[in-house]
Protein chains: 2
Amino acid sequence: MSNCRQCIIKRFNALKTLTNEELECISEHKTSLIIKKGENLMTEGNAINGLYCIKDGKGKLTKLNTNGKEQIIKFIKGGDILGHRSILSEELVGLNAIALEDMHVCFIPKGDIMDTIKENNLFSLSLMKNISHQLNEANTSISQMAQKPVKDRLAETLLHLEDIFGVDNEGCIDVLLTREEIANTIGTATESAIRLLSNLKKDGVIDLIGKRIKISNKNALKNISEGY
Amino acid sequence: MSNCRQCIIKRFNALKTLTNEELECISEHKTSLIIKKGENLMTEGNAINGLYCIKDGKGKLTKLNTNGKEQIIKFIKGGDILGHRSILSEELVGLNAIALEDMHVCFIPKGDIMDTIKENNLFSLSLMKNISHQLNEANTSISQMAQKPVKDRLAETLLHLEDIFGVDNEGCIDVLLTREEIANTIGTATESAIRLLSNLKKDGVIDLIGKRIKISNKNALKNISEGY
DNA sequence: GAAATAAAATGATTTTTATCATATTTTAAA
DNA sequence: TTTAAAATATGATAAAAATCATTTTATTTC
């Protein structure tokens with residue numbers, strides 16, 4: 001089992017604030033797991049008894065609607081932490097975390113997290129900062145969902161995906177999503193998402209290389225996302 | 001100037017965890033202010049240098065869209081605290097806080113808040129709990145905005161408003177909103193909101209008494225909000 | 001208390017988006 | 001490698017929601 005002190009992924013999250021002593025302690029209690037593509041790491045409505053730190057891999061956070069449709073709330077990748085919201089609010093898990101590709105994840109028991117929150121002020125502050133930032137993003141998202149037309153939201157989402165996942169060696173957004181998943185992110189029907197992607201391609205704003213998407217005119221896409 | 005130790009509104013928020021000593025200190029530094037109906041307490045994009053505690057009055061948290069339209073993200077009332085998200089994430093204020101009626105508000109400087117976070121673990125935990133809960137609510141909101149039709153969202157919003165503000169002595173939801181504000185909450189055109197309210201009245205689910213709204217069949221409204 | 005202004009209500013029409021149907025392409029499985 | 005299944009694509013149509021126009025009703029303001 002690897003040691004948390006040596007793990008460099010933690011520099012991207014609140015665990016970077018832990019002392020060597022705290023890291024040793026957590027190392028002893030943590031477990032590592034592999035989540036295969038399509039599998040759930042967390043499930044909506046369940047209790048959670050620890051914090052997950054994603055070492056590697058991409059995933060989606062989703063919510064199942066009353067009509068049975070999936071809504072993608074957020075994308076996750078290596079360096080992200082999960083489960084702290086539920087632990088801190090003492091509520092059940094609110095979202096499903098599903099692997100988009102195989103993920104390596106570490107699990108740290110709740111007790112250790114709570115102990116560290118009590119002992120290490122920098123850790124508390126870092127967690128608060130993380131959640132506060134997420135809340136701000138969520139509020140922006142509410143506004144955009146409520147007021148922007150589907151085309152604008154699609155443009156916004158493509159820019160956002162490139163921001164999070166970067167591009168591969170051909171310049172394509174480096175995450176493989178089905179058209180349905182794109183639709184479930186922007187909140188529209190799959191056919192509508194497909195149609196709008198085709199339009200963006202026709203207008204020379206993006207390229208569709210199989211399932212992969214390449215943003216060929218970022219400025220145009222930005223304008224579209226802002227309603228021009 | 002009143003003393004925070006005597007103030008009972010704090011039992012509704014994180015300030016309830018403060019020691020008498022901390023309360024004395026904050027009492028000395030706090031300022032009280034009155035925000036008249038329609039005035040801004042916080043403004044999107046501004047820096048903030050403290051935390052607001054609402055003693056009394058109702059308000060809305062809004063976001064201005066690129067198209068100039070207002071989106072209402074959340075309603076606030078006595079007992080709520082504001083500004084902590086921005087302080088904790090070290091980001092600019094993300095939302096406008098606008099009084100729906102005259103509000104009494106206390107302002108506590110950032111320095112005192114940060115000192116207390118460092119000294120009082122219960123306070124930190126309580127703040128985290130508050131923001132974590134808000135994040136969960138926001139995620140639910142994203143999902144509903146993205147996937148529920150306008151009628152369902154209106155039903156949902158009416159139930160939510162009654163939950164937050166309660167009812168007056170005639171059983172009407174105890175907050176006065178314009179039809180435009182209702183539309184800006186559910187993310188639709190004012191005319192659509194008006195039309196759907198009229199339909200709900202025609203169907204005997206709600207009553208419209210002037211500008212006020214009375215839920216006359218809560219179960220029916222719940223069903224509508226869930227798409228039945 | 002009358003005039004002016006703003007808000008609410010409703011009809012007609014257009015635009016946007018979803019649904020249904022079907023064809024084509026891609027991926028997975030036998 | 002062939003077949004089956006799933007995903008993508010596109011057209012036609014229906015439904016939902018926005019916009020524009022106008023009237024009625026409240027609310028301010030002088």
Side-chain angles (χ1 to χ4, degrees), chain A residues 36-38 65 67-71 100-101 144-158 172-173 175-203 206-214 224-225 227-228, chain B residues 36-38 65 67-71 100-101 144-158 172-173 175-203 206-214 224-225 227-228:
Chain A
K36 289 273 189 190
K37 179 178 175 175
N65 247 19
N67 57 19
K69 261 190 133 186
E70 167 189 274
Q71 177 62 37
L100 290 168
E101 51 185 53
Q144 294 186 345
M145 283 294 182
Q147 305 218 336
K148 282 190 177 179
V150 178
K151 188 181 178 183
D152 304 24
R153 302 206 301 265
L154 173 60
E156 180 80 39
T157 294
L158 294 179
C172 296
I173 297 172
V175 63
L176 278 185
L177 298 172
T178 64
R179 300 294 191 250
E180 190 180 7
E181 284 172 324
I182 293 176
N184 292 349
T185 306
I186 64 182
T188 191
T190 306
E191 298 94 321
S192 297
I194 289 172
R195 236 181 280 272
L196 290 167
L197 281 170
S198 299
N199 291 349
L200 287 177
K201 182 185 181 177
K202 214 183 297 164
D203 296 344
I206 62 171
D207 251 327
L208 299 176
I209 306 170
K211 193 179 283 209
R212 293 179 305 152
I213 300 168
K214 180 178 177 173
I224 291 167
S225 80
Y228 301 114
Chain B
K36 289 273 189 188
K37 180 178 174 175
N65 247 20
N67 57 21
K69 259 189 134 187
E70 167 189 275
Q71 178 63 38
L100 289 168
E101 52 185 51
Q144 295 186 345
M145 283 294 183
Q147 304 217 336
K148 281 190 178 179
V150 177
K151 189 181 178 184
D152 304 24
R153 302 205 303 263
L154 174 60
E156 180 80 39
T157 293
L158 294 179
C172 297
I173 297 172
V175 63
L176 279 185
L177 298 173
T178 64
R179 299 295 191 251
E180 189 180 7
E181 285 172 323
I182 293 176
N184 292 348
T185 306
I186 63 182
T188 191
T190 305
E191 298 94 321
S192 298
I194 289 172
R195 236 181 280 271
L196 290 168
L197 282 170
S198 299
N199 291 349
L200 287 177
K201 183 185 180 177
K202 214 184 296 165
D203 296 343
I206 62 171
D207 249 327
L208 299 176
I209 305 170
K211 193 179 283 209
R212 293 178 304 152
I213 300 168
K214 180 178 177 174
I224 291 167
S225 80
Y228 303 114

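Below, chain A is the first sequence line, B the second, and so on; all start at residue 1. From a predicted model like this one, the values you see are computed outputs, not experimental measurements.
The nearest whole Å value for the distance from the CD1 atom in B:Ile213 to the C1' atom in C:dA8 is 12 Å. The nearest whole Å value for the distance from the CG atom in B:Leu154 to the C1' atom in D:dA16 is 15 Å. Taking atom CG on A:Leu197 and atom P on D:dA7, their separation rounds to 16 Å, with Å as the unit. What separates CG of B:Asn199 from P of D:dA17 is a distance of 12 Å, to the nearest Å. Distance CG (B:Asp152) to C1' (D:dA15): 14 Å, rounded to an integer number of Å. Spacing between atom CG of A:Asn184 and atom P of D:dT8 amounts to 12 Å, rounded to whole angstrom units. Here the P atom of nucleotide C:dT26 and the CG atom of A:Leu208 are 12 Å apart, to the nearest Å. Rounding to whole angstrom units, NZ of residue B:Lys151 and C1' of D:dA17 are separated by 14 Å.
In this structure, the side chain of A:Asn65 does not engage the main chain of A:Asn67 through any donor-acceptor pair within 3.5 Å. The main-chain N or O of B:Ser225 is found under 3.5 Å from a side-chain atom of B:Lys148 such that the two form a donor-acceptor pair. A distance-only check finds no donor-acceptor pair linking the side chain of A:Glu156 to the backbone of A:Ile224 [under 3.5 Å].
Residue-to-nucleotide proximity on DNA chain C shows that, of A:Val150 and A:Glu191, the 5′-proximal contact is made by A:Val150. Mapped onto DNA chain C by nearest heavy atom, B:Thr178 and A:Gly210 fall at different nucleotides, with B:Thr178 at the one closer to the 5' end.
Contact annotation for B:Thr188: backbone-only contact, meaning every heavy-atom pair under 4.0 Å involves sugar-phosphate atoms and none involves a base. Within 4.0 Å (heavy atoms only), B:Thr190 reaches no atom of the nucleic acid at all.
Comparing atom distances between the A:Ser192 side chain and each of D:dT8, C:dT17, D:dA17 picks out C:dT17 as nearest. Closest to the side chain of A:Ile194, out of C:dT17, D:dG11, D:dT8, is D:dT8. Candidate nucleotides C:dT17, D:dA9, D:dT19 were compared by shortest atom distance to the side chain of B:Ala189, and D:dT19 ranks first. Among C:dA8, D:dT10, C:dA18, the nucleotide with an atom closest to any side-chain atom of B:Arg179 is C:dA8.
We find the CD-CD1 distance between A:Glu181 and A:Ile186 to be 13.0 Å, quoted to the nearest 0.5 Å. The distance from atom OG1 of B:Thr190 to atom CZ of B:Arg179, rounded to the nearest 0.5 Å, is 11.0 Å.
If you check distances only, the side chain of A:Arg195 does reach the base of C:dT19 with a donor-acceptor pair under 3.5 Å.
A sub-4.0 Å separation between OP1 or OP2 of C:dA8 and a side-chain N or O of B:Lys211 is present.
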